[in-house]
Amino acid sequence: MGKVDRGITALTRGAKRYSLAALARQALGGHMGWPRAWRDAAPRERYQVIIIGGGGHGLATAYYLAAVHGIRDVAVLEKGWIGGGNTGRNTTIIRSNYLWDESAALYEHSLKLWEGLSQDLNFNLMFSQRGVLTLAHSVHELKEMSRRVNAIRLNGIDSVVMTPAEIKKLVPIIDISPNLRYPVMGGFFQQRGGTARHDAVAWGYARAADDFGIDIIQNCEVTAIRRDGDRVVGVDTSRGSIGADKIGCVTSGHSGVLAAMAGITLPIESRPLQALVSEPIKPVIDTVVMSNAVHMYISQSDKGELVLGAGTDAYNSYAQRGSLPVIEHMLEAAVELYPIVSRVRVLRTWGGIVDTCPDASPIISKTSVGGLYFNCGWGTGGFKATPGSGHVFADLIARDAPNAIAAPFALDRFESGRLIDEHGAAGVAH
Amino acid sequence: MLLIPCPWCGPRDESEFQYGGEAHKKRPADPAAADDRAWGQYLYHGHNPKGLYLERWRHAAGCRRWFNVARDTVSHEIVEVYAAGDLPRDAAARAVHAANWRRAEEDG
């Protein structure tokens, strides 16, 4: 895992850099003079590359196409508003402590890009390496965790096993008493993990991509993928037909819909994934803690809200909402582990539609259709991979061949049997 | 929360049920003859429509029987509940069954 190629990181084409001086200047004008961060582009007749899906992954793909590969004749088509799908619905957790070498390479590639991404994009992503702690609630789980930590460290990724006493020191609100139904037996910690502001990631990539001349086209829903024989030639959209040499689909929960348009199948099930925030309270937890056994994870936003999540609902859905038992379940676990939250009120709950893959690993792949690429299957854990996903997908589209990081995540693994089974490391807060 | 009408026990909360995924999947008739692609399609690739979907449920905390449900994945409306092994009677649900890419694979 060498150094990552960040490409051109300067805003060169006219976007005014954000800085302390700019902030002071704008303050004098009552902050009425800030320019818009990206153009409201209308679709042109054709592009070299069309990216379908204006979430973090899609915008990152477009950005790296320009920054690393010099491909600027690119449009990002978004059916709603950018970052309005899963990019704005996730719980913003970032980590790279995966078991298998293939996953370690991909997620660590992403984490290295996160480190310095605010500078690359000249946009404060509020990237906070507050650490991610995963709890063990049984002897078996602790042993498996130790084995995983060894594997992770062999891949050059930071991780340490922690005792209950160390955990209590790190997370004072946690109950480590042995009387719990699922007592805290230990855990493992990645200090370089943490959180980032999810909206800012979309906005930062959009602004920087726009500065390269890339068109970000919102309210533009793709209704058909046009083919000429075995190659794509463009798309039909709610804003007219647009031609393209290459099309990258990055539509998470709607990947199956796009695949059906293109006449291919995917090993993807679309499921609701719910999360919730509490009313804002004073700072009580300054790291991220997740637990697979009691199935819940928690962090605290900079606004003071406790952010909680759990697993997906059991059934296929495109409804962006789930069932109440999932919420009840995660609150039961929260109250058990952190008794002080028992009287904190829930502010809101929501759901997003995630694209779950049989091996809990993503698909970054060419397809049987020439010029058509899919980046999907991130399931419940795509946010952490936003920069790395965009970086390797841009590389795949530009060169029409997967690089060493992307190659294991091709679609053909579901025929060869070379699955990358990360259900263990994916855990609850995948 | 879904209210699922179990054909044997009547309407019950979703939390009593176990989800079984796509209905009407056929295991390759001659397993030894099926190639890697056929196995991959059967084991992993899914029919994941936005709209009416034919799926299996089991009343795990009740009669423990499997049955099929035609449910809309956008509205969550349950259009029809029918026995495992049967086809739906509802015309729209039948159309979904016929349009599933697996039918072409099965015929081929």
Side-chain angles (χ1 to χ4, degrees), chain A residues 79 221 251-272 274 311-329 351 353-361 363 367-368 376-377 410-419 421, chain B residues 1-4 12-25 28 34-61 67-78 81 96 99-106 108:
Chain A
K79 72 170 177 173
E221 180 168 6
T251 54
S252 65
H254 276 71
S255 296
V257 175
L258 268 294
M261 285 181 198
I264 63 170
T265 62
L266 289 174
I268 296 279
E269 304 279 349
S270 297
R271 297 271 165 89
Q274 301 186 74
T312 61
D313 280 72
Y315 49 83
N316 286 24
S317 172
Y318 285 85
Q320 292 191 319
R321 64 172 187 274
S323 297
L324 191 62
V326 174
I327 300 287
E328 287 179 316
H329 181 74
I353 299 304
V354 298
D355 42 346
T356 58
C357 216
D359 57 357
S361 287
I363 295 164
T367 65
S368 53
C376 59
L411 258 174
D412 62 12
R413 74 178 188 268
F414 298 98
E415 290 180 18
S416 69
R418 276 195 69 87
L419 302 188
D421 184 1
Chain B
M1 174 135 65
L2 306 179
L3 189 64
I4 301 172
R12 298 293 183 95
D13 284 350
E14 164 200 332
S15 48
E16 291 187 17
F17 294 84
Q18 180 197 350
Y19 192 56
E22 183 184 341
H24 307 296
K25 276 172 77 167
D35 58 11
D36 288 351
R37 186 183 171 280
W39 276 114
Q41 294 283 318
Y42 168 70
L43 286 172
Y44 301 120
H45 283 246
H47 182 232
N48 188 24
K50 184 175 185 178
L52 207 53
Y53 183 51
L54 309 182
E55 61 193 10
R56 306 188 306 157
W57 286 87
R58 186 172 79 100
H59 194 184
F67 56 94
N68 292 338
V69 175
R71 184 180 59 91
D72 190 300
T73 57
V74 179
S75 68
H76 290 177
E77 181 194 359
I78 291 173
V81 171
V96 168
N100 186 330
W101 58 267
R102 282 190 209 282
R103 301 295 99 75
E105 299 259 326
E106 287 160 8

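Each chain gets a letter, A, B and so on, in the order its sequence line appears, and its residues count up from 1.
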Using 0.5 Å steps for rounding, measure from the [atom1] atom of [X] to the [atom2] atom of [Y].
X: A:Asp313; Y: B:Met1; atom1: CG; atom2: CE; answer: 11.0 Å
X: A:Glu328; Y: B:Ser15; atom1: CD; atom2: OG; answer: 8.5 Å
X: B:Asn48; Y: A:Thr356; atom1: CG; atom2: OG1; answer: 7.5 Å
X: A:Glu415; Y: B:Leu43; atom1: CD; atom2: CG; answer: 11.5 Å
X: B:His76; Y: A:Asn316; atom1: NE2; atom2: CG; answer: 9.5 Å
X: A:Ser317; Y: B:Tyr53; atom1: OG; atom2: OH; answer: 11.5 Å

Options A:Gly256, A:Ala259, A:Ser270, ranked by heavy-atom pairs under 4.5 Å with chain B, top entry =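 Most heavy-atom pairs under 4.5 Å with chain B: A:Ser270.
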Sort [X] into side chain, backbone, both or neither according to what part of it lies under 4.5 angstrom from a heavy atom of chain A.
X: B:Glu22; answer: neither
X: B:Tyr44; answer: both
X: B:Trp101; answer: side chain

query = Less than 4.5 Å apart, any side-chain heavy atom of B:Tyr19 and any of A:Arg271?
reply = yes
message = Is it the case that atom CZ in A:Arg418 sees more than 12 heavy atoms from other parts of the structure closer than 6.0 Å?
response =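 No, because the 6.0 Å sphere around CZ of A:Arg418 holds 12 heavy atoms or fewer from other groups.
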Engaged part of [X] at the chain B interface, taking heavy atoms whose separation is under 4.5 Å:
X: A:Arg413; answer: neither
X: A:Ala314; answer: both
X: A:Leu266; answer: backbone
X: A:Leu419; answer: side chain

Choice from B:Arg71, B:Gln18, B:Glu55 maximising heavy atom contacts with chain A below 4.5 Å = B:Arg71
request  = Kindly give the heavy-atom pair with the smallest separation between B:Glu14 and A:Ser323, and that separation in Å.
outcome  = OE1-OG, 2.6 Å
